[in-house]
Amino acid sequence: MRYVSTRGDAPAVSFADAMIAGLAPDGGLYVPETVPQISHEEFTAWANLSYAELASEVMSRFAPDMARSTIDVACAAAYSADVFGSVEVAPLTPLADDTWLLHLSNGPTLAFKDMAMQLLGRLFDAELAHRGETLLVVGATSGDTGSSAEHAMIGRENIRVVMLSPWGRVSDFQAAQMYSIDAPNIVNLAINGVFDEAQDLVKAVNADAAFKARYSIGAVNSINWARVAAQIIYYIWGYLRLAPEVDREVQISVPTGNFGNIYAGIVARRLGLPIRFILATNENDVLDEFFRTGVYRVRPTNQVAETSSPSMDIAKASNFERLVYDIHDGDGAAVGALWEQLAQSGRFDLSSHRGFRHLRDWIVSGASSHANRIETIRRVVAADGVVIDPHTADGVHVGRQQRAAGPLICLETAQPAKFGATIVEALGQLPPRPAAFVGLEERPRQVTVIDADVASVRAAIEDLAARVVDRSGGLP
Ligand SMILES: *Cc1c(COP(=O)(O)O)cnc(C)c1O
């Protein structure tokens, strides 16, 4: 299987190449040239596999260029009770009214990003070792992605990480999750500024081709195809936990920001899995607007609302480009033209496109507000005795509002322990905290606060590169 760019102007590459590269050289996103078909019998036969075994089956379809043994080892290590707290990895539990929660946040950082990152860290490391290369990941985070990436990369021999976060602007829990890491290959830089400035610094570092090549700088951001591929697994897993009693399409509600999670579900549907989608946004409703009207209208960064489901606070949805490519039957030139239009006018309109109208047969959307989240958290506690986090609450609220008859699976994307203030507002008390996280905020922190300038970031990168070389070079 080969991967092509959504802009249609880059050579086709292997899975491993797409994983290492992240973005395609023409500025597009990698997508599979064709999606394999999986029969109902084959899906059903997978019902007896463990999560790790299912992961190997799925990943080997998308990464035929990687050795099956490499995939098996990475899946077994990533999707283990050690990492996700149980061999089930992603349990499916019932709520009232034929509604189910698929728990995707039992990993090391308590958010669903771990589901892909834990595998990606291992696949990256194995592929780099195979190539005899190293990579220095430079990223910016507003909270969840950074800590998930760091925890996935701790101790990996061929990967070093420099993560920029806005000083004082991530939650104390998120800050502690990142800054309490004490690993020689991980460096936290907190910048005096906001998230967008951190992201601009990452772009500036990447724009210097000579510097980038000298330090083998790369990324593991949310547009990486390997992350999408790893997220396909839990849609199949969740469906198979309900099947075989189900004889119709299962509805899945997805709290959505950058469109990465739900796009993985869309690929699972293209494999042949009988699922349909309810897309939930918070007040930042650019995607809800698109699915209701066909108009995609990105917001200026200063108009992004700061909400109580912060991981969904986005101005534009990066992975959405992959869906637009599908709507246009793989016409990269058409996608390139739309993104040019977006750069000029901030919008495009697909309302009269046949592909858009078809989409609405199996994907509906809605937006949720702070009041909806609070009320949903209260209701689920009252009815089921389960505390859900604010992002999951967005999905449960919109899912129940938009559902048709039949079972509804809601994806749990984070644990409530990460968002204590909102839970206190809803329930008057702090959420339960997993034992491993007790005292997290009191642990010693390793973080360097710097001004938001490129020179400081470069200096930190040079320092990290030198430090790791010293460590291995100094061995007897
Ligand atoms: C990242 C994130 C989301 C949004 O997922 P996308 O793939 O960006 O759509 C939702 N909830 C939580 C808790 C997240 O961390």
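Positions are given from 1, in the same order as the sequence printed here. Counting starts at 1 for both ligands and their atoms, following the listed order.
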Verify the neighbour count for atom CZ of R403: are there more than 12 heavy atoms of other residues, nucleotides or ligands below 6.0 Å?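 Counting other residues, nucleotides and ligands, CZ of R403 exceeds 12 neighbours.
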Considering residues, nucleotides and ligands other than Q341, do more than 12 of their heavy atoms fall under 6.0 Å from its CD?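 It does: Q341 CD has more than 12 such atoms within range.
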May I ask you to decide if the ring planes of W339 and Y296 are parallel, tilted or perpendicular, using 30° and 60° as cut-offs?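 Tilted, since the angle between the ring planes falls between 30° and 60°.
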Can you name the nearest heavy-atom pair linking Y235 to A268, along with the distance?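 Between these two residues, the closest heavy atoms are CB-CB, 4.0 Å.
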Contact residues of ligand 1, where a non-hydrogen atom lies under 4.0 Å away: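 Those residues closer than 4.0 Å to ligand 1 by some heavy atom are F112, K113, D144, P255, T256, G257, N258, F259, G260, N261, S311, M312, H391, T413, A414.
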Would F356 and F290 count as a close aromatic pair, with their ring centres under 6.0 Å?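 Close enough - the centres of the two rings lie under 6.0 Å apart.
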Sequence neighbours excluded, which residues qualify as ring-ring contact (aromatic ring centres under 6.0 Å, His included) partners of H353?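 Testing H353 for ring-ring contact (aromatic ring centres under 6.0 Å, His included), a comparison that skips the adjacent residues, returns H328.
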